[in-house]
Amino acid sequence: MSRATEPTYERIYAVVRAIPHGRVATYGQVASLAGLPGHARQVGYALHALRTDDDVPWHRVINARGEISRRADPGPEGLQRAMLEAEGIVFDRRGRVSLRRFRWQA
DNA sequence: TTTATGGCTGTCA
DNA sequence: ATGACAGCCATAA
């Protein structure tokens, strides 16, 4: 469990797991909630290193603009949107989410 | 050990 | 509204 040096990723995963169904959070938000303010990028890395079979709803984490960030592999990019829509998240014509409505408020 | 790399974010033009 | 710039810092090699 808690080692002296707790992995940063674990904290991030814990926060992401706490995101309710049908809600989204930004990278920066997750970082802050994980006790790592300013590490938004690391959150992205943590999710990137995440495995598909883990129980972490990585698809509920989007960037501050309310969009799905473009990453190296275009595959999961579309999948993420599909998964969010399946949870009731609505994307506008430009592929953006209304953070004002769907942002998770801890 | 050092170096390079970013699923980001905020500010400015 | 969009586009460019710099800053943040853990992980991987």
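None of these values were measured; they are calculated from a predicted model. A, B, ... follow the sequence lines: proteins, then strands. Residue 1 opens every chain.
C/dC8: no Watson-Crick or G-U partner with both key distances under 3.5 Å is found in any strand.
The cluster map of Ile, Leu, Val, Met, Phe, Trp and Tyr, joined by side-chain heavy atoms under 4.5 Å apart, puts A/Leu36 and A/Val56 in the same cluster.
Atom CG of A/Leu47 is separated from atom C1' of C/dT11 by 14 Å (rounded to the nearest Å). Atom CG in A/Leu36 sits about 8 Å away from atom P in C/dA10, given to the nearest Å. A/Glu67 places its CD atom 11 Å from the P atom of B/dT9, with the value rounded to the nearest Å. Look at CG on A/Leu33: it is 18 Å from P on B/dC8, rounded to the nearest Å. When the P atom of B/dC8 is taken as reference, atom CH2 of A/Trp58 falls 14 Å away, rounded to whole Å. One can place CD of A/Glu10 at 11 Å from P of C/dT11, the figure rounded to the nearest angstrom. Put simply, NE2 on A/His48 is 12 Å from C1' on C/dA12, counting in whole angstrom units. In this entry the distance linking CD1 of A/Ile62 with C1' of B/dT9 reads 14 Å, nearest Å.
Ranking B/dG6, C/dT11, B/dC8 by closeness to the A/Tyr9 side chain, first place goes to C/dT11. Closest to the side chain of A/Thr8, out of B/dT9, C/dT11, B/dG6, is C/dT11.
If you find the closest nucleotide of DNA chain B to A/Gln29 and to A/Tyr45, the one lying nearer the 5' end belongs to A/Tyr45. Comparing A/Ala49 and A/Gln42 by the nucleotide of DNA chain C whose heavy atom lies nearest to each, the residue mapping closer to the 5' end is A/Gln42.
Counting heavy atoms from C-beta on, the side chains of A/Arg60 and A/Met83 never come closer than 4.5 Å. The closest side-chain heavy-atom distance from A/Leu33 to A/Trp104 is below 4.5 Å. With contacts defined as side-chain heavy-atom distances shorter than 4.5 Å, the pair A/Tyr27/A/Leu47 qualifies. Residues A/Trp58 and A/Gln80 are in side-chain contact: their nearest non-hydrogen atoms beyond the backbone lie under 4.5 Å apart. Contact of the A/Ile62 side chain with the A/Leu84 side chain is registered, since non-hydrogen atoms from C-beta on lie closer than 4.5 Å.
Within 6.0 Å of the CZ atom in A/Arg65, the count of heavy atoms belonging to other residues, nucleotides or ligands does not exceed 12.
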Exercise. Assign a letter to each nucleotide of nucleotides 2-8 of chain C from its 5' end: B, base within under 4.0 Å of a protein heavy atom; S, sugar-phosphate only; -, no contact.
Key: S----BB
